[in-house]
Protein chains: 2
Amino acid sequence: MEDKRKVSIAVVKRLPRYYRYLYDLLKIGITRISSKELSERMGITASQIRQDLNCFGGFGQQGYGYNVESLFNEIANILGVNEKFNTIIIGAGNMGQALANYSNFEKRGFRHVGIFDVNPNVIGKKINNLTVMHMNELDEFVKKNKVDIAMITVPYDQTPVVAEKLVELGIKGLWNFSPMDLKLSGDVIVENVHLSDSLMVLGYKLKEKYGRK
Amino acid sequence: MEDKRKVSIAVVKRLPRYYRYLYDLLKIGITRISSKELSERMGITASQIRQDLNCFGGFGQQGYGYNVESLFNEIANILGVNEKFNTIIIGAGNMGQALANYSNFEKRGFRHVGIFDVNPNVIGKKINNLTVMHMNELDEFVKKNKVDIAMITVPYDQTPVVAEKLVELGIKGLWNFSPMDLKLSGDVIVENVHLSDSLMVLGYKLKEKYGRK
DNA sequence: TAGATTGTTAATCGATTAACAATC
DNA sequence: TAGATTGTTAATCGATTAACAATC
């Protein structure tokens, strides 16, 4: 079951999308689905769906299709939804607070266990069951608690030093909201949310399709 | 100069990254750079850089490389940084407020011109020069002002109807923060920021690399 | 059983990388 | 001029799509 060959990142990036569609199907009471029907809903080919799923196992049945609930559970397991990743948020500005309040993450296996800042105006503030702590409490907190992922929402110029510190503390996953590529020495996985990059791609597409204004 | 052949989305998605690296080079006073040196900084091949840039024009010079400032300006133009896209934010919760306060967008050609919500607690609130308006003022506002992009940060269940309304109002670019794929009838470009998808990919990678906990 | 649909192999397509002639 | 480096063509690699035998 473990990787015969490494699953390509293109496939991995589609998994959350399968997860969403299967969840929705489950919610509306559909119990079985063929790759063909799912392909029509998702706007990708049935072939791709079958190829993608078969990276992880043979979840379907010839002549029948896929059982929605069991396929949903398989995808959930592959994505680690049942693993319970503990997360901390670094930076309690609007973005940090938005993440703290975002209820979706909990459902998907991520639990916020701490939020940190240096601004005295927010330290001590209660946000969705968490109390904002000062950054100088970070070391001790990470040593006492299991922390899998740190979400970085600090200002641009503080990002590199904060990221480096998180790696030193042994945190293995960084979710980076700063518009920069982190160059880190240690053993860590970084996933970026480059908002302005995404917005610029939208701008480009608008310009291409609708021309210069 | 206009598209001989359509530029692939893979290339377009790299443009903002070139933009960032060139900006940084400019800032530290580097005036020329070869594809080889840039490739080392960015962690991609020199070949890819040259291929990418040549989708848009021959910006370099044999034996010399690329002039950083002029290449930066070319990329900026390609991305439409000088176009001034007007944006509105739908939803003035934490995420909407975070976007309203995010100074990066302005530098890259995007200007917030309005922010809307239905919650009486935030209507009238001043956020970074903008005053939160009620959603029932949206129609009139869009008719009176040029709006290129709407950023959707409303709760999950309100997203489809809000998105549909924005398309009806003739807005051509949607930046969607809801974890759903918008299925819209009209003529519109949608760019998604699926935060929980991104986080789940991080979770998957952690699980793969560091195993089940 | 017959029909449907998977799992999987083979074909195609597109993107990345390599190579090198052109030229500054 | 000689050296460097582009622009561009060709080769490779990987991802997507098509096809179909296996089988429920």
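Within every chain, numbering begins at 1; the chains are lettered A, B, ... in the order of the sequence lines, protein sequences first and strands thereafter.
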Nearest-angstrom distance from the residue atom [atom1] of [X] to [atom2] of [N]:
X: A:N54; N: C:dT6; atom1: CG; atom2: C1'; answer: 8 Å
X: B:R32; N: C:dC24; atom1: CZ; atom2: P; answer: 15 Å
X: B:I49; N: C:dT16; atom1: CD1; atom2: C1'; answer: 13 Å
X: A:L71; N: C:dT5; atom1: CG; atom2: P; answer: 16 Å
X: B:Q48; N: D:dG14; atom1: CD; atom2: C1'; answer: 14 Å
X: B:E37; N: D:dT6; atom1: CD; atom2: C1'; answer: 15 Å
X: A:L38; N: C:dA4; atom1: CG; atom2: P; answer: 20 Å
X: A:I44; N: D:dT17; atom1: CD1; atom2: P; answer: 9 Å

>> Please compare A:I9 and A:G63 by the position of their nearest nucleotide in DNA chain D and report the one closer to 5'.
In response: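 Checking each residue's closest nucleotide, the 5'-ward one belongs to A:I9.
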> For DNA chain D, whose closest nucleotide is more 5', that of B:G65 or that of A:A10?
Replying inline: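 Its nearest nucleotide being more 5', the pick is B:G65.
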Please determine, for the side chain of [X], which listed nucleotide ([options]) has the closest atom?
X: B:Q51; options: D:dT9, D:dT17, C:dT16; answer: D:dT9
X: B:T45; options: D:dA15, C:dG7, C:dT17; answer: C:dT17
X: A:Q62; options: C:dG7, C:dT17, D:dA18; answer: C:dG7

> In the structure shown, which nucleotide is the Watson-Crick or G-U wobble counterpart of C:dC24, with both distances under 3.5 Å?
Replying inline: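 Per the H-bond distance test, D:dG3.
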> Mind checking who D:dT12 pairs with, Watson-Crick or G-U wobble, both distances under 3.5 Å?
Replying inline: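 By the stated definition (distances under 3.5 Å), C:dA15 pairs with D:dT12.
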Give a yes/no on whether any side-chain N or O of [X] is located under 4.0 angstrom from OP1 or OP2 of [N].
X: B:R14; N: C:dA15; answer: no
X: A:S47; N: D:dT16; answer: no
X: A:Y66; N: D:dC24; answer: no
X: A:R50; N: C:dG7; answer: no

> After noting the C-alpha distance and the side-chain angles of B:F141 and B:V113, does the key distance pass the side-chain contact (heavy atoms from CB on, under 4.5 Å) rule?
Replying inline: CA-CA 10 Å; B:F141 184 88; B:V113 295; 4.1 Å; yes
> Does a salt bridge link B:K146 with B:D148, judged by any charged N lying under 4.0 Å from a carboxylate O?
Replying inline: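 Here B:K146 pairs with B:D148 in a salt bridge, since their nearest N and O are under 4.0 Å apart.
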>> When you compare the side chain of A:L99 with that of A:W175, does any pair of heavy atoms fall below 4.5 Å?
In response: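 Result yes, sub-4.5 Å side-chain heavy-atom pair found.
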> Do the ring planes of B:F72 and B:Y23 sit parallel (below 30°), tilted (30 to 60°) or perpendicular (above 60°)?
Replying inline: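 Ring orientation, 0 to 90° scale: tilted.
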>> Whether the A:D24 and A:Y19 side chains hold a donor-acceptor pair (N or O, under 3.5 Å, no angle test) is what I'd like checked.
In response: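 A:D24 vs A:Y19: no donor-acceptor pair found between side chains.
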